[in-house]
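A short write-up of the structure that comes next.
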Amino acid sequence: MKFEDVPAKIISIRVKPADATVTELKEQPVVSVSVSLSRPATFEIYLKDSVIFVKPTVDADIHRLSNELASGRSMLAQLANLAKDGSIELQIAFFTGECLE
């Protein structure tokens, strides 16, 4: 099944690395996304082997993503569609209800 075929609300937000040390992002699955408590207007993206800090390229998306994450719903996410300017799409499918372990 492709990510686009997931029967859930999918949002796409273009993000760039918040740190100059991260030179390039690549298309890959995302383990988790959360609001960074130590850095304003920044989000933590947990990957298989690392954590990166990103900022949306459009300021309005900061509030939109924060609200979606605050709902506490379960999600499935990936990084896709790398652009020449170094930004990449953060695609998140939100499901109804909390995440169950």
Side-chain angles (χ1 to χ4, degrees):
M1 174 182 273
K2 294 181 182 179
F3 189 83
E4 300 82 27
D5 297 335
V6 173
K9 175 185 174 185
I10 298 176
I11 65 167
S12 292
I13 295 177
R14 189 151 290 276
V15 297
K16 276 189 143 178
D19 296 329
T21 57
V22 177
T23 56
E24 185 177 322
L25 298 173
K26 62 180 182 176
E27 295 184 357
Q28 60 188 307
V30 172
V31 176
S32 178
V33 179
S34 63
V35 176
S36 176
L37 300 176
S38 62
R39 300 178 181 197
T42 305
F43 299 89
E44 298 174 2
I45 296 181
Y46 294 85
L47 305 172
K48 180 181 176 185
D49 55 356
S50 63
V51 177
I52 56 171
F53 294 92
V54 297
K55 286 187 173 187
T57 57
V58 177
D59 288 340
D61 287 337
I62 295 168
H63 184 66
R64 179 179 168 210
L65 183 55
S66 294
N67 285 341
E68 292 288 351
L69 294 173
S71 69
R73 295 180 290 167
S74 56
M75 70 177 98
L76 183 64
Q78 72 174 4
L79 295 173
N81 302 324
L82 182 64
K84 289 187 179 187
D85 67 354
S87 66
I88 195 164
E89 266 186 45
L90 172 61
Q91 299 175 341
I92 307 174
F94 288 98
F95 299 92
T96 305
E98 297 177 2
C99 186
L100 302 175
E101 294 192 28

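Note that this is a predicted model, so its numbers are computed, not measured.
- Pairing each heavy atom of A41 with each of P56, the nearest pair is O-CD, 4.1 Å.
- Residues D19 and F53 come closest through the heavy atom pair OD2-CD1, 3.7 Å.
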Self-check item: Criterion side chain to side chain contact (heavy atoms under 4.5 Å, CB included) on K9 and E68, from CA distance to verdict
Solution: CA-CA 11 Å; K9 175 185 174 185; E68 292 288 351; 2.7 Å; yes
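- At least one side-chain heavy atom of L25 sits under 4.5 Å from a side-chain heavy atom of P17.
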Quiz prompt | Stepwise side chain to side chain contact (heavy atoms under 4.5 Å, CB included) test for V54 and I88 | solution = CA-CA 10 Å; V54 297; I88 195 164; over 6 Å; no
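- In this structure, T42 contributes its side chain and P40 its backbone to a donor-acceptor pair below 3.5 Å.
- Summarising the geometry of K16 relative to S87, their closest heavy-atom pair is CG-CB, 3.6 Å, with the distance given to 0.1 Å.
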Practice problem: Decide yes or no on side chain to side chain contact (heavy atoms under 4.5 Å, CB included) for V51 and I45, but give the supporting numbers first. | Solution: CA-CA 6 Å; V51 177; I45 296 181; over 6 Å; no
Quiz item: Stepwise, does the side-chain hydrogen bond (donor to acceptor under 3.5 Å, both in side chains) test hold for T57 with R14?
Solution: CA-CA 6 Å; T57 57; R14 189 151 290 276; 5.8 Å; no
Quiz item: When you look at F43 and L65, which way does the side chain to side chain contact (heavy atoms under 4.5 Å, CB included) test go after all the steps?
Solution: CA-CA 9 Å; F43 299 89; L65 183 55; 3.8 Å; yes
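- Scanning both residues, F3 and L76, for their nearest heavy atoms gives CZ-O, 3.5 Å.
- Expressed to the nearest 0.5 Å, how far CZ of R73 lies from CZ of F95 amounts to 10.5 Å.
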Please output the side-chain donor-acceptor pairs of residues 26-38 that fall under 3.5 Å, not counting sequence neighbours, one pair per line with the distance.
from : atom 1 : to  : atom 2 : distance (Å)
E27  : OE2    : N81 : N      : 2.9
Q28  : NE2    : K26 : O      : 3.4
S36  : OG     : R39 : N      : 3.2

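- In the hydrophobic cluster analysis, where Ile, Leu, Val, Met, Phe, Trp and Tyr join through side-chain heavy atoms closer than 4.5 angstrom, L82 is grouped together with I92.
- Between A93 and A8, the shortest heavy-atom contact is CB-CB, 4.2 Å.
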